[in-house]
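Read the numbers this way: they start at 1 and go in the same order the structure lists the ligands and their atoms. Small disclaimer: the values here were computed from a predicted structure and weren't measured. Throughout, numbering of the chain's residues begins at 1 and tracks the sequence.
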Amino acid sequence: MGLLPKPFRALVIGSSGTIGSAFMRLLENNPACAKVEGISRHSIYPIDYRLPETIESSAHSLAALGPFQLIINTIGLLHSEKWMPEKKLADLNHAQLNELMNINAIGPALTIKNFSKLLDPQNSVMATLSAKVGSIEDNRLGGWYSYRASKAALNMLIKTAAIELKRTKPNIAMIVLHPGTVNSNLSKPFRGQEIGRNADDAVKDMFHVLESATKEDSGSFLSYSGERLPW
Ligand SMILES: NC(=O)c1ccc[n+]([C@@H]2O[C@H](COP(=O)([O-])OP(=O)(O)OC[C@H]3O[C@@H](n4cnc5c(N)ncnc54)[C@H](OP(=O)(O)O)[C@@H]3O)[C@@H](O)[C@H]2O)c1
């Protein structure tokens with residue numbers, strides 16, 4: 001049986017994004033979800049990975065609304081107005097590597113540090129969105145250096161946190177989740193509209209994976225279909 005109790009309280013981090021806002025809609029319409037809070041750069045209790053102190057202050061402010069049985073972090077970055085994913089070694093640059101490590105790995109790790117304190121120690125699930133392209137084993141095409149490396153670093157940070165939490169809070173599942181290709185701002189420059197799925201369909205599948213998650217699943221890299229992905 002899954003860890004997620006009924007009713008449960010949820011928090012979506014990155015609720016302004018395509019997948020984040022779809023999770024908000026799904027949870028707002030789920031009768032088992034007693035309350036869902038959403039935070040982003042421009043929400044009340046803002047969280048901005050370019051201002052790392054906001055991670056702790058946001059968690060501190062939200063503590064009074066917890067504990068939460070489900071926390072989903074959807075924050076992530078692939079491209080910006082200044083650069084696109086690298087196609088070759090010659091494209092590597094410090095600013096891009098630094099920014100993607102910061103937004104995709106360091107920010108989410110500090111989010112786990114600060115927000116795992118808001119999880120219900122009796123039974124809860126915390127999921128962070130990663131990407132299959134962060135799998136080292138599955139990397140056959142190359143390219144996208146900084147995005148791939150930042151998601152691989154994220155995966156290691158979450159796996160390590162899951163091992164620690166298994167000892168201290170064994171009824172929490174810490175999950176790494178791949179959403180599949182979803183039509184969003186992030187995927188738009190890469191034919192996301194043509195090859196990506198609708199975000200509402202993707203979150204329906206991901207929620208099913210999260211509501212079925214058990215404590216044995218903690219520290220797993222799971223696809224939206226429930227498939228275990230190679231690290
Ligand atoms: N779409 C896909 O095909 C796909 C595939 C694999 C993995 N993913 C992963 O899924 C997650 C969600 O992606 P999405 O498709 O929903 O992308 P999206 O629509 O671009 O949403 C990205 C979210 O990240 C937030 N964000 C970006 N930089 C931030 C910062 N410095 N501080 C705080 N928040 C920041 C955005 O906030 P603002 O609204 O303030 O900009 C937004 O809420 C990401 O982790 C992504 O890597 C997506």
Visitor: Among Ser184, Gly192, Ser130, whose heavy atom sits nearest atom 1 (N) of ligand 1?
Guide: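 When every heavy atom of Ser184, Gly192, Ser130 is considered, Ser184 comes closest to atom 1 (N) of ligand 1.
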
Visitor: Which of the atoms of ligand 1 are close to Gly14, meaning less than 4.0 Å from one of its heavy atoms?
Guide: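 Result: 43 (O).
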
Visitor: Please indicate whether any nitrogen or oxygen in His42 is less than 3.5 Å from any nitrogen or oxygen in ligand 1.
Guide: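 There is no such contact.
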
Visitor: When you compare ligand 1 with Pro179, is there at least one nitrogen or oxygen pair between them that comes in under 3.5 angstrom?
Guide: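 No.
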
Visitor: Any idea which atoms of ligand 1 are less than 4.0 Å away from a heavy-atom of Ile47?
Guide: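 Within the 4.0 Å cut-off of Ile47, ligand 1 contributes 33 (C).
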
Visitor: Give a yes or no on whether the backbone of Arg25 and the side-chain of Asn29 come within a donor-acceptor separation of less than 3.5 Å.
Guide: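 Flag set: sc Asn29 to bb Arg25 pair under 3.5 Å.
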
Visitor: List ligand 1 atoms under 4.0 Å from Asn185, heavy atoms only on the residue side.
Guide: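 Heavy-atom distances to Asn185 below 4.0 Å select 20 (O).
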
Visitor: If you measure every N/O of Gly20 against every N/O of ligand 1, is any gap under 3.5 Å?
Guide: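 Gly20 vs ligand 1: no N/O contact under 3.5 Å.
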
Visitor: For ligand 1, which atoms sit closer than 4.0 Å to a heavy atom of Gly76?
Guide: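 Reading through ligand 1 atom by atom, the close ones are 22 (C), 24 (O), 27 (C), 44 (C), 45 (O).
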
Visitor: Is there a donor-acceptor pair closer than 3.5 Å between any side-chain N or O of Ser187 and the backbone N or O of Val182?
Guide: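 At least one qualifying donor-acceptor pair exists.
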
Visitor: Tell me whether the count of non-hydrogen atoms from other residues, nucleotides or ligands lying under 6.0 Å of CE in Met101 goes above 12.
Guide: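 Check passes, neighbour count above 12.
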
Visitor: Determine yes or no for a side-chain-to-main-chain donor-acceptor pair under 3.5 angstrom, with Ser124 supplying the side chain and Ile172 the backbone.
Guide: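 No, because the side chain of Ser124 does not come within donor-acceptor range (under 3.5 Å) of the backbone of Ile172.
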
Visitor: Tell me the nearest of Gly196, Ser150, Ser187, Gly180 to atom 4 (C) of ligand 1, using heavy-atom distances.
Guide: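 When every heavy atom of Gly196, Ser150, Ser187, Gly180 is considered, Gly180 comes closest to atom 4 (C) of ligand 1.
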
Visitor: Taking 4.0 angstrom as the limit and counting only heavy atoms of Ala131, give me the atoms of ligand 1 inside it, by number and element.
Guide: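 Every atom of ligand 1 under 4.0 Å from some heavy atom of Ala131: 6 (C), 7 (C).
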
Visitor: Is it the case that the side chain of Asn104 and the backbone of Leu77 share a donor-acceptor pair, with hydrogens and angles ignored and the cut-off at 3.5 Å?
Guide: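 Present.
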
